[in-house]
Each structure stands twice: as C-alpha cells, then as structure tokens.
Amino acid sequence: MTTWIVKIDDVPGDGPRLAVKDAIDVAGLPTTAGSRAVAERAEPAAADAAVVASARAQGARIVGKVNLTEFCLGADGVNPWSGTPVNPLDPARVPGGSSSGSAVAVASGEADVAFGTDTAGSVRIPAACCGIASLKTTHGRVPLDGVYPLSPTLDTVGPMGRDVAAVVTGMRLIEPGFAPDAYDANMTIGRLRVPNVDPAIDAAVDDALRLLGPITDETCEHFQDAALANGVFVGEEAYAQNGPLLGDPSRISERMYRRLNVLKEAAAGRRPWAEQLQKTVRAEFDALLDRHGVLALPVLAGVAPEPPGGDDDLLLTMLTGTVNVAGLPAFALPVPLPGSHLPASVQLIGPAGSEERLCAVAAALEEALR
C-alpha cells in the first residue's frame, strides 16, 4: 500500500479513475507532501486544488491520493517515512520521483490517469522509470492554486497515463476542450546531444525518432549550466518553504534534513546568476525551436537505477531540470531498449504553450513504435 496515502475504493460513476499526488489538495483530505512534519500539522483541505476541481467537474473519479518523495524534493521516489512505491517493472529499481505514487498507480493499472508535479523532472523521471507517459506543462499554463510549493519559479502540474491517449485525457481534465494538433509529418526534429548518456539509451531514442523521419543533431551551449541553475532556484525556494519545519529533526528524514541545508548553502548568493542563465537558456531553446518542430533527448541517461545512496538521485534530473528552467513543455514517452527488460524514455520538448503539438508528435511516435 505504499503507493497510496489514501485510497478510495468503489467511487461511483464511469469517468476516468484519477490518482492525485499528495502535494495537491483534495477537499476533505489533508495534504502531507510526503512528510511526517507536514502531516502532523495538516488539516483536511477546505477545497479542491484548481486542477482537481476541474477534473471533478469533468466527471473524474478520484480514487485516492498517492505517495511521493518527502517535500517533493527527490528524483528517486524513495521515502523512509511513508514508504517507497514499488516499481512494477522491476521491484529492485526505484520508481522515480518525486511523483512516484502517481507513476506506480498508473503503471499498475490502479488509476487511468494521475496528476503529478514537476519542478526538475518529477513527472518525467517516474514515467521513464515505470514505463508510462507523462506531460510536463508550460510554466504558468496550469494553475497552482492548492498545490504544495517546492519552487514556484519552476513548479508545474501535469498528467501521467499509460499511453498518449491517457495523457490527453488528463489534459482534458485540467483544461476542458484540450485537443492535440494534427500531426505534421514534415516537422523536423532537433536531436539534442548532451554528454554522459549511456550509448544504448541514445541509440534507442535515435532508433525510435527515426521512425518519424530524419533527425538533426543539435546542441544547447548552456544546457548543463541550466540544470545547475535549477538547483539554485530549488535550493533557495524549498528552504524558504520548509525551513521552518527543521526545528525538530526527528520529524524529517536525515537525507532531507541534510539536503535542505546543503541546497540552501549552495544557492546562497547565486540567484542573480541563475536568473540570467534562465534567460540565456530560454533564448537558446527558442532559437532551436525556430528551426525545428520539436527537440528530443532522453529523459534519463540510463535505465531506472537501484536505490541510490546519499544524494546520488539528484543526478537523475540532469536531463530534465533544464527544461523547467526554460519554462517549456516536455512529453515523456517510453521507447524500447533492446536487450533490457526496462525501457528507455524520450523527452519531446516544444515551444511555450505547445502541449497540443507535443501530444500529436508523441501519438505519431507511439503509433510508429507499434
């Protein structure tokens, strides 16, 4: 049961079954953010978060609130207080985080759609680990009312589903009337090349993308710097949100107590640099997207890892956090990895507000892979 914080069985109706990350308010239930310190102070939410209210109005059946990494601040999905959801593809591997329960609920068939939050990769990384699809939305497109903040500069809410159609359903629950664009077969794909990716992962992503047509190699000069800038925003803003809880270390895991303090120190005095980097990398992405319909690269540099030690899980965000800094949308879709029982995952990035385009490209790729 570590997937669920609260599970609701036998919900009446015939709408899609929706699991909600326990960083998003559901009326009548406390929001714990995966933290004992938060849970012990939490009152039942007086109202649904904006995204939950919209989903409920569209007929979604809310089947429960699902687990996550403490404070949403971890990419592996490991949580020593509330438990770690089991990766249904390989129980020895992490489920990915922070939206771990959201991914596992969908991958195991306990929900049709799940809502997660994504600040540095938190819907894309668990989707990649568990072999499902997800959509990180454009920063500011989806309201964050009723969502536990990690880093408001970067926070987004997005849907997760077993396939592209389920993710589209999730977007319709958030935005009634949402519809993918018609797929443009003449669209060019810019293949972002970044260092330190397992060659087998790169090859799997390339093989999948070539089913849609030629790909053009591209680079982004400040890609890695922007991933570090993500840590500056998160370090400063996560401490501002959760620092008051550190007075009683017994209520916080040792890892998270250390992480909040270390990230705060690492971010000290660096926000002006991060803000300038944010403008620079957004301009670089915009220039690339003037030449291509979408950009593509892996979500993870390898397959879902075994539980890491210390803070190694932060390395899982190195291919995803830059997209949050740029504020752009990104679709994560599993692709076959020859010789492995685990998939790779491709990350499709589009211009701001191009979720409709990304869903069309992802659907075309998914069909080609069949």
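As the structure is a computational prediction, the values presented were derived from the model and not from experiment.
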Backbone N/O of E221 and side chain of T219: donor-acceptor pair under 3.5 Å: no
T138 side chain to E355 side chain, donor-acceptor N/O pair below 3.5 angstrom: yes
Electrostatic pair R255-E70, nearest N-O below 4.0 angstrom: no
Polar contact flag, side-chain donor to acceptor under 3.5 angstrom, S54-E175: no
For E236, all residues meeting side chain to side chain donor-acceptor pair (under 3.5 Å), sequence neighbours excluded: R271
Distance in Å, D225 CG paired with W273 CH2, rounded so as to fall on 0.5 Å steps: 5.5 Å
Derivation and outcome, side-chain contact (heavy atoms from CB on, under 4.5 Å), residues V194 and L297: CA-CA 8 Å; V194 292; L297 75 162; 4.2 Å; yes
Salt bridge (Lys or Arg N to Asp or Glu O under 4.0 Å) assessment of E110 paired with R17: CA-CA 8 Å; E110 295 187 87; R17 298 169 299 155; over 6 Å; no
Side-chain (R93) to main-chain (L342) donor-acceptor, under 3.5 angstrom: no
Passing candidate, side chain to side chain contact (heavy atoms under 4.5 Å, CB included) with V66, options S102, S100, S99: S102
From L295 atom CG to H292 atom NE2, the distance as rounded to the nearest 0.5 Å: 7.0 Å
From CA spacing to verdict: side-chain contact (heavy atoms from CB on, under 4.5 Å), W4, V63: CA-CA 10 Å; W4 299 89; V63 293; 3.7 Å; yes
Intermediate values then yes/no, side-chain contact (heavy atoms from CB on, under 4.5 Å), T317 and N230: CA-CA 9 Å; T317 67; N230 182 287; 5.7 Å; no
Test salt bridge (Lys or Arg N to Asp or Glu O under 4.0 Å) applied to E218 - qualifying residues, sequence neighbours left out: R291
Distance-only side-chain donor-acceptor flag, T2 / N67, under 3.5 Å: no
Flag side-chain contact, heavy atom, 4.5 Å: C220 against L192: yes
Carboxylate-amine/guanidinium contact K65 D25, below 4.0 Å: no
Short side-chain to backbone donor-acceptor contact, S134 and P159, under 3.5 Å: no
Evaluation steps, salt bridge (Lys or Arg N to Asp or Glu O under 4.0 Å), between E356 and R141: CA-CA 12 Å; E356 293 85 352; R141 175 165 181 162; 2.7 Å; yes
Side-chain (N79) to main-chain (L68) donor-acceptor, under 3.5 angstrom: yes
D163/R370 salt bridge by N-O under 4.0 Å criterion: no
Summary of salt bridge (charged side-chain N to carboxylate O under 4.0 Å, His left out) pairs that have at least one residue in residues 332-341, sequence neighbours excluded: none
Salt-bridge contact R162-D112 (side-chain N to carboxylate O under 4.0 Å): no
Under-4.0 Å salt bridge between K279 and E275: no
Sidechain-backbone polar pair: D313 side chain, A75 backbone, donor-acceptor under 3.5 Å: yes
Considering only distance and modelled atom types, tabulate donor-acceptor pairs under 3.5 Å from the side chains of residues 120-127, sequence neighbours left out.
from : atom 1 : to   : atom 2 : distance (Å)
S122 : OG     : S98  : N      : 3.0
S122 : OG     : S98  : OG     : 3.1
R124 : NE     : D118 : OD2    : 3.0
R124 : NH1    : T320 : O      : 3.2
R124 : NH1    : Q347 : OE1    : 2.6
R124 : NH2    : D118 : OD1    : 2.9
R124 : NH2    : D118 : OD2    : 3.4
R124 : NH2    : T320 : O      : 3.4
R124 : NH2    : N324 : OD1    : 2.6

Side chain proximity check, L348 to L209, heavy atoms < 4.5 angstrom: yes
T322 side chain vs M318 backbone, donor-acceptor pair below 3.5 Å: no
Check: D198 and V303 side chains under 4.5 Å, non-hydrogen atoms: no
Shortest non-hydrogen contact between A208 and L369, atoms and distance: CB-CD2, 3.9 Å
Residue pair F285 / T280, side-chain heavy-atom distance below 4.5 Å: no
Pairwise side-chain contact, L150 with T117, heavy-atom cut-off 4.5 Å (strictly under): no
Same apolar cluster: M160 and L89, side chain cutoff 4.5 Å: no
Partners meeting salt bridge (Lys or Arg N to Asp or Glu O under 4.0 Å) with D206 (sequence neighbours left out): R191, R193
Beyond-backbone contact of R251 with W81, side-chain heavy atoms, under 4.5 angstrom: no
Transitive ILVMFWY side-chain link L300 to V346, under 4.5 Å: no
D14 atom CG: more than 12 heavy-atom contacts under 6.0 Å: no
Joint hydrophobic cluster, I132 plus V168, side-chain heavy atoms closer than 4.5 Å: no
Closest non-hydrogen atom pair between A204 and A344, with its separation: CB-CB, 4.1 Å
Pair T188-I215, side-chain contact (heavy atoms from CB on, under 4.5 Å): steps then yes or no: CA-CA 7 Å; T188 61; I215 58 177; over 6 Å; no
Approximate separation, where rounding is to 0.5 Å, of T69 OG1 and R259 CZ: 8.5 Å
Exam field: side chain S253 to backbone M256, donor-acceptor pair closer than 3.5 Å: yes
T119 and D155 side chains, donor-acceptor separation under 3.5 Å: yes
Atom pair CG (D10) and CZ (R61), whose distance is rounded to the nearest 0.5 Å: 10.0 Å
Check: A326 main-chain N/O paired with R282 side-chain donor or acceptor under 3.5 Å: yes
NZ or CZ of K264 within 45° of Y239 ring axis and under 6.0 Å: yes
4.5 Å side-chain heavy-atom contact, I189 and T216: no
Electrostatic pair D181-R357, nearest N-O below 4.0 angstrom: no
Co-membership, hydrophobic cluster, residues V299 and L315, 4.5 Å side-chain: no
Cluster check V26, I5: I/L/V/M/F/W/Y, side chain < 4.5 angstrom: yes
Qualifying residues under salt bridge (Lys or Arg N to Asp or Glu O under 4.0 Å), relative to R56, sequence neighbours excluded: D48
Separation of L73 CG from L260 CG (nearest 0.5 Å): 5.5 Å
Student check: side-chain heavy atoms of V106 and V113 closer than 4.5 Å: no
Donor-acceptor side-chain pairing of N242 and Y257 below 3.5 angstrom: no
